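The structure appears right after this line, and notes come after that.
Per chain, numbering begins at 1; letters A, B, ... match sequence-line order. Treat the numbers as computed from the prediction; the structure is a model and nothing was measured.
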Amino acid sequence: MNMSLDRFITKEPEQKRKPEPMEPKPKPPEQPKVIIEKETEENEEPLEEEEVEIEGFEEPEEALLEETVFEAETPENTGPCFLLSVSYSGKKSCALVKLYDPEKGKIYFWYDNTGHKPYLLTDMPLQEVMKNPSVLKNPGFDPAHCQVVRKTDLLLDTEVELTKVTAKDPLSIGGRGKGLRDILPQTWESRIRYHDCYIYDRELYPGYLYRIRNGTLERVEYKIPDGEIEAFKKIFPPEDEVFKEALDRWLPLFSCPAPNYRRVAIDIEVSTPQLDRIPDAKAAEYPVISAAIVSSDGVKRVLLLRREEISLGEKPSELSDVELIFYEDEKKLIEDIFKVLSSYPIVLTFNGDNFDLRYLWHRALKLGFRKDQIPITLGREVALLSVGIHIDLYKLLHNKAIQVYAFGNKYREVTLDAVASALLGIKKVPLEKLVTELSYMDLAAYCFRDAELTYSLSSFNNDMVMNLITLLMRISRLSMEDVTRQGVSNWIKNLLYFEHRKRGYLIPRQEDILRIKGETFTRAVIKGKKYLGAIVIEPRPGVYFNVVVLDFASLYPSIIKQWNISYETVRCPHSECRSNVLPNTPHWVCKKRKGLMSLITGLLRDIRVYWFKPKSKDKSLPEGLRRWYDIVQHALKVILNASYGVFGAEVFPLYCPPAAESTTAIGRYVITNTISKAKEEGVDVIYGDTDSVFLHNPSQEQINRLLNWVEEQFSIDLEVDKVYSYVTFSKRKKNYLGV
DNA sequence: CACTGTGGCCGTGGCC
DNA sequence: GGCCACGGCCAC
């Protein structure tokens with residue numbers, strides 16, 4: 001199965017895709033145009049909160065994102081491309097969209113030409129804003145685009161009129177120092193980073209298909225075969241308009257295959273005086289002595305710096321098809337690394353944010369490069385590329401949700417060695433001495449292995465990681481850079497913000513939610529926790545034969561869907577909803593409005609459970625397609641598993657304790673009632689935990705009656721999860737053995 | 001520095 | 001030796 005694009009577009013004659021790796025002498029990759037202009041001093045990443053001023057003569061890197069002059073082509077027309085990122089171009093004062101052309105394997109730039117401006121919302125009337133002296137004094141204030149906007153305030157369920165206050169640049173909304181958000185007494189949506197704001201307002205889906213036509217950015221609709229749409233409709237009888245609309249919008253996002261990204265992995269070695277010391281990237285005191293490059297188009301190369309008293313060493317067999325290039329001059333070596341960095345659409349590193357790219361940036365400056373000659377942009381804790389996208393696999397693999405749900409907790413420690421041996425079965429080259437003391441060949445072998453492992457992490461299991469990233473971009477609506485660096489709560493936040501904007505809902509402030517909804521009512525069993533969680537049934541010790549385990553298929557997402565749980569619907573403002581009390585809680589839930597989280601969680605849950613999960617196991621489908629569906633259902637699982645938890649997390653901007661505790665309260669209600677019913681039916685219940693019940697030797701009829709009863713009673717799915725020949729229980733909970 | 005939640009078991013170390 | 005608080009790790 002190929003993940004080619006031939007399913008959706010009829011235009012351009014299909015070109016044969018680039019050959020895969022292992023070409024002995026690959027053609028050097030086509031390079032985007034590199035234009036050298038004079039230095040600019042523009043800022044990016046302006047909406048960072050609470051920047052700390054660091055004194056010192058050197059401008060701290062935390063403060064600024066320097067813009068370099070490396071650029072990609074900006075064509076007026078393109079074929080279908082994948083949207084990889086949106087950022088803000090300080091130089092052009094507008095949004096910059098990076099598109100990936102899967103045919104040519106390169107990046108195009110598209111600069112916003114719609115006149116979109118950074119803005120915030122305030123309840124100060126427009127006329128007052130226009131004559132407010134502090135506002136007028138702000139040089140970034142842009143009176144020309146200010147206007148009155150109408151929004152739905154979900155917390156009060158009212159329509160509100162607000163003033164949209166626009167600025168000439170994102171920094172003027174609220175960077176360091178006094179932005180408009182600090183001047184105005186009350187603001188909303190003023191802490192959203194500009195590039196996210198742009199994605200919401202243009203309803204862009206990163207990771208999905210776009211093209212440039214006559215200079216305009218357009219979405220390309222991925223065509224789903226008619227047969228599949230019909231099959232889908234059979235499984236999802238259209239419930240209501242909202243649901244159907246969302247279905248039309250979501251299904252193509254999940255069905256459109258990800259491209260086979262042209263990409264390069266890179267790793268550098270720096271001469272170190274001590275073995276146990278990682279060189280300080282900021283000081284960049286020591287020379288870069290080697291760099292290894294492994295790419296999807298077959299480049300395998302190690303750049304080596306010639307130094308005194310280093311022997312050549314014996315060429316190991318693993319370097320037999322690796323090109324070795326020696327440099328007399330470190331500056332030239334780094335220049336060549338920069339050429340690679342600026343000529344690939346995607347660059348992979350392991351810890352490049354904090355080390356490799358950061359070191360190169362500082363080292364280059366030290367060696368006399370001008371800032372605009374460095375194709376890297378440093379942020380406080382990221383290192384981005386001027387042309388392409390930098391993915392730091394260390395950051396991605398550090399993500400707990402990815403660790404647990406995508407890789408099944410296979411690696412414990414997030415080091416290249418641990419991750420690679422767990423996922424790939426290959427280890428780093430063991431080091432017996434300082435890299436500085438290695439012969440050229442040994443150094444090359446060591447460095448090359450690291451780059452090779454880094455590349456392999458992106459390619460193993462048929463590019464599983466790249467496919468997963470692409471899907472998570474589409475779900476979260478985050479750029480490739482952001483989705484690989486942020487945690488699951490940020491993915492969900494961004495998805496919900498997007499959906500608010502799309503529907504004209506005001507994005508609420510956390511303190512307003514907390515003030516109106518209040519804290520929790522229940523108390524946790526465990527000290528230090530905020531509210532009561534799930535129930536674990538005391539196991540009856542012993543050995544049991546023929547044990548059937550019933551399991552609620554994603555219980556919490558189902559509850560969120562079925563009981564209409566969302567921050568705006570739990571304890572809604574309507575007096576007529578107050579009687580609609582949620583079981584085991586003093587909270588009521590809205591009868592008039594479908595909760596946004598309830599809608600989205602329910603939708604994603606249903607799509608996963610009824611469509612992608614069964615398809616991922618359908619042996620009648622081609623293997624490649626099945627694999628794709630499996631990644632889709634995994635990506636959905638990652639999001640769904642966090643959808644309840646975020647409501648109970650203070651870091652989540654839509655934090656809503658009553659919504660979180662209602663979800664677990666309903667969970668307890670559901671499992672308790674299910675167990676009672678089972679006992680009523682004469683079934684022996686020997687154990688249960690959160691969403692599972694263990695039945696001892698039940699008859700098929702008893703099982704069926706129970707499943708049907710649950711379906712009727714709660715409209716959620718109880719399934720037979722496992723059948724054990726025998727299970728042994730000790731008297732301890734969460735500790736059993738089933739065969 | 002990373003940032004979805006709670007429930008439960010177990011080993012460690014402080015304290016009497 | 002017994003009690004307890006705490007952190008790490010797992011189940012869900």
Side-chain angles (χ1 to χ4, degrees), chain A residues 49 52 62 351 353-354 380-382 392 394-406 408-414 472 476 482 484-496 510 520 522-539 549-560 565 567 584 597 601 604 636-668 670-671 687-694 721-722 727 729-738:
Chain A
E49 292 165 43
V52 190
E62 289 84 348
N351 204 21
D353 275 350
N354 280 315
R380 186 162 41 174
E381 46 209 3
V382 302
D392 184 341
Y394 172 78
K395 286 247 170 86
L396 179 76
L397 296 167
H398 219 94
N399 184 316
K400 200 74 194 181
I402 295 277
Q403 225 171 101
V404 176
Y405 295 113
N409 245 330
K410 280 207 195 104
Y411 56 91
R412 295 273 89 135
E413 225 186 329
V414 190
L472 291 171
S476 68
D482 286 342
T484 53
R485 286 172 177 80
Q486 297 178 7
V488 67
S489 71
N490 266 313
W491 302 346
I492 296 175
K493 174 196 90 174
N494 204 62
L495 163 57
L496 287 178
Q510 196 190 40
T520 52
T522 54
R523 270 213 272 285
V525 170
I526 296 172
K527 200 180 138 202
K529 305 286 187 188
K530 288 168 291 204
Y531 56 92
L532 197 52
I535 288 178
V536 185
I537 306 299
E538 198 78 46
V549 182
L550 304 183
D551 181 298
F552 291 96
S554 41
L555 178 66
Y556 289 163
S558 303
I559 289 172
I560 289 172
I565 306 292
Y567 76 87
N584 285 338
M597 186 62 134
T601 305
L604 297 183
L636 289 171
K637 186 177 177 180
V638 171
I639 303 274
L640 286 167
N641 272 312
S643 64
Y644 129 77
V646 291
F647 277 139
E650 289 103 324
V651 292
F652 188 60
L654 304 174
Y655 176 51
C656 183
E661 84 172 336
S662 296
T663 308
T664 57
I666 298 164
R668 296 191 299 275
V670 167
I671 193 171
Y687 182 61
D689 184 346
T690 312
D691 61 355
S692 64
V693 283
F694 287 59
D721 184 40
K722 283 188 196 88
V727 181
F729 288 103
S730 67
K731 61 179 188 302
R732 287 165 293 147
K733 294 175 176 181
K734 297 188 189 278
N735 185 318
Y736 64 87
L737 180 71

Reckon A:Tyr687 touches a base, only the sugar-phosphate, or nothing at all at heavy-atom distances under 4.0 Å? nothing

Quick one: label A:Gly645 by what it contacts on the DNA or RNA (base, sugar-phosphate, nothing), any heavy atom closer than 4.0 Å. base

Between B:dC9, B:dT4, B:dG8, which one does the side chain of A:Val536 approach most closely? B:dG8

If you look at every strand shown and take non-hydrogen atoms under 4.0 Å, does A:Val646 touch a base, only sugar-phosphate, or nothing? sugar-phosphate

For nucleotides B:dC3 and C:dG8, find the distance between their P atoms and express it as a whole number of Å. 15 Å

OH of A:Tyr567 versus C1' of B:dT4: gap in Å, rounded? 18 Å

What residues form a salt bridge (charged side-chain N to carboxylate O under 4.0 Å, His left out) with A:Asp689, not counting sequence neighbours? A:Lys734

Can you name the residues that form a side chain to side chain contact (heavy atoms under 4.5 Å, CB included) with A:Lys493, not counting sequence neighbours? A:Asn490, A:Tyr497, A:Phe652, A:Pro653

Bounds of contact between DNA chain C and chain A, in 5' to 3' order, using a heavy-atom cut-off under 4.0 Å: C:dC6 to C:dC12

Ignoring the backbone of A:Lys733, work out which of B:dG8, B:dG5, B:dA2 is nearest its side chain. B:dG8

First encountered from the 5' end of DNA chain C, between A:Thr690 and A:Lys527: A:Lys527

Base, sugar-phosphate, or nothing for A:Arg412, non-hydrogen atoms under 4.0 angstrom? sugar-phosphate

Does A:Lys734 reach a base, just sugar-phosphate, or nothing at all? Heavy atoms under 4.0 Å. base

For atom C1', what is the distance between B:dT4 and C:dA11, given to the nearest Å? 16 Å

Checking B:dT4, B:dG7, B:dC10 against the side chain of A:Arg732 (C-beta onward), the nearest is B:dC10

